[in-house]
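Worksheet: one structure, shown below.
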Protein chains: 2
Amino acid sequence: MASTSTTALSSSRRAAELSSENRFDQQLARILEHATDVFCEKGYEGASMRDLSRASGMSLAGMYHYFRSKEELLFLIQKHTFGTIIEQLRHRLEKISDPEQRIRAFIFNHLEYFLANQSAMKVLSHEDEKLSNHYGAAVRSVKREYYAICVNLLEQYKRTEKLDFSTRTAVLSLFGMMNWIYTWYNPRQDGNARKLAQEMGDIFLRGIGSSRSSGKKNSRVQ
Amino acid sequence: MASTSTTALSSSRRAAELSSENRFDQQLARILEHATDVFCEKGYEGASMRDLSRASGMSLAGMYHYFRSKEELLFLIQKHTFGTIIEQLRHRLEKISDPEQRIRAFIFNHLEYFLANQSAMKVLSHEDEKLSNHYGAAVRSVKREYYAICVNLLEQYKRTEKLDFSTRTAVLSLFGMMNWIYTWYNPRQDGNARKLAQEMGDIFLRGIGSSRSSGKKNSRVQ
DNA sequence: CTATCATTAGAACGAACGTTCGAACGATGG
DNA sequence: CCATCGTTCGAACGTTCGTTCTAATGATAG
């Protein structure tokens with residue numbers, strides 16, 4: 001079993017256990033990092049356990065000390081990645097109250113994390129639905145939470161600006177714009193997260209923003 | 001070899017060959033259809049040749065009469081799908097001259113085909129880059145062609161409306177909005193292609209449309 | 001030093017993989 | 001009728017897969 005027991009221990013034993021915990025977690029983190037890159041390059045099914053062990057410099061059998069199965073490894077990656085991006089987002093939103101700026105912060109947070117952790121986010125986007133019942137449910141739950149945050153931001157904006165659009169279509173279009181970048185992003189051409197967040201924020205906010213609920217349509221009907 | 005020889009033949013022989021050609025092509029098409037669904041459900045690597053043979057009701061060995069390898073099978077699916085969507089698009093664009101309506105036609109064409117061939121389009125979007133050198137280059141070429149059409153539509157719109165935005169970011173954002181729907185589309189909630197094309201068209205066109213090149217920015221700087 | 005326990009690895013497991021082989025099938029032409 | 005040829009299949013190929021077994025490490029506590 002992993003060193004996660006919480007029974008009372010002598011101080012020296014506790015210190016040992018602590019350093020042991022650190023060592024265990026650090027090794028696991030190291031494996032997760034390398035596995036993320038391999039999954040990103042070859043896909044979940046395409047990456048073999050032997051690929052993963054080679055990448056992390058640990059023997060095939062040794063890996064199984066840190067997780068029960070290849071599926072759990074993918075789960076740990078997805079859970080950690082999603083957890084981190086949500087935590088970072090909440091931290092940022094605390095300091096902003098203006099509805100538009102909150103949406104812009106959401107976009108920037110997503111893109112910044114996406115570009116700083118391209119491999120992990122590609123795995124998150126691309127290896128979706130590969131996890132079965134137990135693991136899948138857990139990840140889907142975190143994903144719904146993240147989705148709900150975005151919906152709330154848009155609903156609030158919609159209310160204060162008295163706008164009229166389909167929140168669902170808008171949110172999912174926004175996610176599409178942002179998540180698709182793993183297929184095309186090139187640092188040379190496309191600049192950093194701040195620039196992209198500005199451009200996508202402009203497109204998206206103008207897109208949902210210029211039609212008041214008065215009913216005016218600015219598109220010529222075909 | 002496949003019945004694609006073009007040497008001179010007696011009329012009866014030619015008729016036989018023709019019906020044979022039909023039979024071959026029809027069987028191949030049938031396999032491609034079923035394979036598309038399986039690839040869609042399980043992914044390219046996750047779907048085994050045995051899965052594919054079971055789905056199309058043909059023996060494992062029998063499949064290899066119609067293609068050289070599993071990779072070529074994926075290639076045939078991608079090539080056919082892309083070819084069809086481009087052909088349909090060109091046909092539609094011929095009849096439209098207004099720059100905005102041409103963009104709207106592009107969006108509608110993409111979404112309509114996407115929703116009518118969800119499995120194929122998911123495979124196209126999701127199993128990208130799985131093809132190696134030879135096959136991959138061919139698909140990438142068709143993809144660039146499709147991308148270029150969209151770029152031209154936007155450039156034309158930009159010129160006639162005297163707008164100022166990054167064409168690249170705009171095009172790729174639009175593709176993101178549209179291609180992402182395979183992860184969330186639900187006929188019950190989201191309506192048909194026409195409705196979605198209208199909504200996404202509104203968001204996108206207003207998004208790129210309301211900022212003239214005079215330099216006005218409608219977003220409060222943070 | 002000895003006992004203990006987390007950690008690591010070599011070797012092997014049965015299962016599943018993509019592909020191939022040779023034979024059989026069925027329709028059609030002579 | 002037989003010969004031909006596109007079509008189909010059962011069986012098997014060698015390889016690789018995810019996982020497990022067992023034993024050897026290395027560090028720490030007593």
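Order of the sequence lines fixes the chain letters, A, B, ..., with proteins taken first and strands second; residue numbering starts at 1 for each chain.
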Find out whether the Lys NZ or Arg CZ of B:Arg194 is both under 6.0 angstrom from the six-membered ring centre of B:Phe108 and within 45° of the ring's axis.
-> yes
Which part of the nucleic acid, if any, lies within reach of A:Tyr66 when heavy atoms closer than 4.0 Å are counted: base, sugar-phosphate only, or nothing?
-> sugar-phosphate
Does B:Ser48 make a side-chain N or O approach to OP1 or OP2 of C:dC17 shorter than 4.0 Å?
-> yes
With B for base contact, S for sugar-phosphate-only contact and - for none (protein heavy atoms under 4.0 Å), nucleotides 19-27 of chain C reads BBB------
May I ask you to test the B:Asn186-A:Arg168 pair for a side-chain heavy-atom distance under 4.5 Å?
-> yes
Whole Å only: how far is the NE2 atom of A:His65 from the P atom of D:dT22?
-> 18 Å
Report yes or no: do B:Glu71 and B:Tyr135 form a side-chain donor-acceptor pair below 3.5 Å?
-> no
Measure from CZ on B:Arg23 to P on D:dT7 and round the result to the nearest Å.
-> 7 Å
Rounding to a whole Å, what distance do you find between B:Asp51:CG and C:dG18:C1'?
-> 12 Å
For the pair made of CD in A:Gln26 and C1' in C:dA6, what is the distance, rounded to whole Å?
-> 15 Å
Can you find a pair of side-chain heavy atoms, one from B:Tyr185 and one from B:Leu196, that are under 4.5 Å apart?
-> yes
Separation of B:Asn22 atom CG from D:dT7 atom P, in whole Å?
-> 11 Å
Do A:Tyr146 and A:Phe106 have ring centroids that are under 6.0 Å from one another?
-> yes
Side-chain N or O of A:Gln27 less than 4.0 angstrom from OP1 or OP2 on C:dT8?
-> yes
Side-chain touch B:Tyr66/B:Leu73, heavy atoms, less than 4.5 angstrom | no
Do we see a donor-acceptor contact under 3.5 Å between the side chains of B:Arg30 and B:Gln27?
-> yes
For A:Tyr44, is the NZ or CZ atom of A:Lys70 found under 6.0 angstrom from the centre of its six-membered ring and inside 45 degrees of the ring axis?
-> yes
d(CG, B:Leu52; C1', C:dC17) in whole Å | 12 Å
Interface residues of residues 28-47 of chain B with DNA chain D (non-hydrogen, below 4.0 angstrom) | none
B:Lys158 to B:Phe165 six-membered ring, cation-pi geometry met (6.0 Å, 45°) | yes
